[in-house]
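What follows is one structure encoded as structure tokens, with my remarks underneath.
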Amino acid sequence: MTITSPDLGSPAAAWTDARLLYALEEVVETELNRHLKVAKDWMPHEYVPFSDARNFPGQFEDGEAWDKEQSKVTEIGRIALVVNLLTEDNLPSYHHEIASLFGRDGAWGTWVHRWTAEEGRHGIVMRDYLLASRAVDPDKLEAFRMQHMSEGFESDNRHSMLHSVAYVAFQELATRISHRNTGHQSGDPVCDRMLARIATDENLHMVFYRNLLKAAFELAPDLTMQACRDVVVNFRMPGHGMPGFERMAAQMAIGEVYNLRIHHDDVLQPVLRHLKVLEIGGLGPEGLKAQEELGFFMGGLDAEASKFDEKLAARKARMATRATA
């Protein structure tokens, strides 16, 4: 697709990341102002049960060794909390990625720094909760953090501004759903309240990026459709590189924190439906091809999710039979 250069009024020229960033600047400013009006500041320390805390072994003579029986958190809650926190821990790498792509100036830069500041609260409150409530082994948690952060993070979509915008529109919703379901499965009302607060932030971040993606579809529908297809087909959560992720992700799937059905129904479909991505008309050959491939993929994913649903139902039935035997 070609457009008239936004800065020089020159003849039609191909979209580039720089032109797209410039063209979307006003949208970013509008969305930033909207976000600042609706976002509410909150205090991480107000969500942490500090009265339950006690010293761990080490520098304190009265330190008490960790034991998982000291916490109300369920086993699946413990696993998901570690995955969610380790994902949040890589915030320095995430900031570097988006600041390098979106820039540090103007409305884009203001958003990047505001987003980073808000995300920082999530790691703070989750770690404080886990330590104060003794939900996880603190030594193992720190070892995981060091290993995960030492490897850093490189986005699968760092090559393209449009791919990055499309990715975060889905990923922020995926993170919100993961936090919310973790709270529901945690077995601790205090944990549930904390993660509900975090999920509220993630939802606002999703709305920001979803609205930005909508504007991108209006500006460059063919390119945005291709980016959307690529992101959906190749989607990976940002924590995929952490140690033991595949095993923990499988446990979270069985525990109904995040699985194929949730990914299809609660993450991909809501964004695609809201933006009416599969209904957009007037596309060129490449955009139309991408739209068709996206539709086929969603159909196949739904079928795969149905197979998973059947396996999960069968597993629950077996467990119920064992429990009554």
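If you read the sequence from its start, that first residue is 1, and numbering goes on from there. Quantities reported herein were computed from a predicted structural model and do not represent experimental measurements.
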Please indicate whether H35 has more than 12 foreign heavy atoms, meaning atoms of other residues, nucleotides or ligands, lying under 6.0 Å from its NE2. yes
Separation between CG (N211) and CE (M206), nearest 0.5 Å, reads 9.0 Å
Between the SG atom in C228 and the CG atom in L162, the distance rounded to the nearest 0.5 Å is 10.5 Å
Note to self: Looking at R315, I'd like to know if its CZ atom is crowded, meaning that more than 12 non-hydrogen atoms belonging to other residues, nucleotides or ligands lie closer than 6.0 Å.
What the structure shows: no
ask   = Just by distance, with hydrogens left out, do H263 and Q269 show a side-chain donor and acceptor under 3.5 Å apart?
value = no
Taken to the nearest 0.5 Å, the spacing of W66 CH2 from E69 CD works out to 9.0 Å
query = Are R176 and D201 close enough for a salt bridge, meaning some N to O gap below 4.0 Å?
reply = no
Problem - Flag, side chain of N55 to backbone of G63, donor-acceptor distance under 3.5 Å - result: no
- Message: Can you confirm whether more than 12 heavy atoms, excluding those of D62, are under 6.0 Å from its CG atom?
- Response: yes
| salt_bridge(R197, D192) N-O dist < 4.0 Å | no
| Distance-only polar pair, side chains of R261 and S306, donor-acceptor under 3.5 Å | yes
Q | In one Ile/Leu/Val/Met/Phe/Trp/Tyr side-chain cluster, 4.5 Å: L86, I124 | A | no
Using a strict cut-off of less than 4.0 Å between a Lys/Arg side-chain nitrogen and an Asp/Glu carboxylate oxygen, indicate whether E142 and R145 qualify as a salt bridge.
yes
**Prompt:** Can we call the ring centroids of W111 and F208 under 6.0 Å apart?
**Reply:** yes
Joint cluster assignment, L278 & V231, ILVMFWY side-chain distance < 4.5 Å | yes
The side chain to side chain donor-acceptor pair (under 3.5 Å) partner of H163 among T224, D156, D230, N157 is D230
(message) In the structure I gave you, are the side-chain heavy atoms of L36 and R114 within less than 4.5 Å of one another anywhere?
(response) yes
- Query: Y94 versus T116: any side-chain heavy-atom pair under 4.5 Å?
  - Reply: no
Cluster membership besides L204, Ile/Leu/Val/Met/Phe/Trp/Tyr side chains within less than 4.5 angstrom, sorted by chain and number, is V38
Scan side-chain atoms only and decide if E119 and H95 contain a donor-acceptor pair under the 3.5 Å cut-off.
-> no
Would you indicate whether E26, at its atom CD, is surrounded by more than 12 heavy atoms from other residues, nucleotides or ligands within a distance under 6.0 Å?
no
Notebook entry, point to check: Are I280 and F297 in one and the same hydrophobic cluster, where Ile, Leu, Val, Met, Phe, Trp and Tyr link if side-chain heavy atoms are under 4.5 Å apart?
Noted result: yes
Hey, can you tell me if W108 and F102 have their rings parallel, tilted or perpendicular (30° and 60° cut-offs)?
tilted
task = Please test Q226 against K289 for side-chain contact (heavy atoms from CB on, under 4.5 Å), starting from the C-alpha separation and ending with a verdict.
result = CA-CA 8 Å; Q226 293 173 66; K289 177 184 176 184; over 6 Å; no
_Taking the basic N atoms (NZ, or NE/NH1/NH2) and the acidic carboxylate oxygens, is any pair closer than 4.0 Å for R78 and E75?_
yes
Assigning hydrophobic clusters by single linkage (Ile, Leu, Val, Met, Phe, Trp, Tyr; side-chain heavy-atom cutoff under 4.5 Å), is V27 placed with V277? yes
Student check: side-chain heavy atoms of L21 and M161 closer than 4.5 Å:
yes
Check your understanding: Can W115 and E172 be counted as having a side-chain donor-acceptor contact under 3.5 angstrom?
Key -> yes
Original post:
N84 and S178: side-chain donor and acceptor closer than 3.5 Å?
Top reply: yes
### Query
Ion pair present between D137 and K68, side-chain N to carboxylate O less than 4.0 angstrom?
no
- Message: Checking D67 against R134 for the salt bridge (charged side-chain N to carboxylate O under 4.0 Å, His left out) test, could you report, in this order, the C-alpha distance in whole Å, the side-chain angles of both residues, the deciding distance, and whether it holds?
- Response: CA-CA 8 Å; D67 187 287; R134 290 184 167 242; over 6 Å; no
>> Would M242 and E151 count as a side-chain contact (heavy atoms from CB on, under 4.5 Å) here? Give the steps.
In response: CA-CA 9 Å; M242 70 180 61; E151 294 175 358; over 6 Å; no
When rounded to the nearest 0.5 Å, the distance separating CZ of F235 from CG of L268 is 7.0 Å
task: Would you please say whether a donor-acceptor pair under 3.5 Å links the side chains of H148 and D89?
output: no
Could you tell me if Y258 and D266 have a donor-acceptor pair between their side chains, going purely by distance under 3.5 Å? no
Report task. Using the rule that two of Ile, Leu, Val, Met, Phe, Trp, Tyr join whenever any of their side-chain heavy atoms come within less than 4.5 Å, decide whether L85 and M146 are in one cluster. Result -> no
**Message:** Working note: E304 + K307, criterion salt bridge (charged side-chain N to carboxylate O under 4.0 Å, His left out); need CA distance, chi angles, decisive distance, verdict.
**Reply:** CA-CA 5 Å; E304 288 297 314; K307 292 178 182 178; 3.6 Å; yes
query = Is the closest basic N to carboxylate O distance between E256 and K316 below 4.0 Å?
reply = yes
- Message: Under 3.5 Å, is there a donor on one side chain and an acceptor on the other for T175 and Q171?
- Response: yes
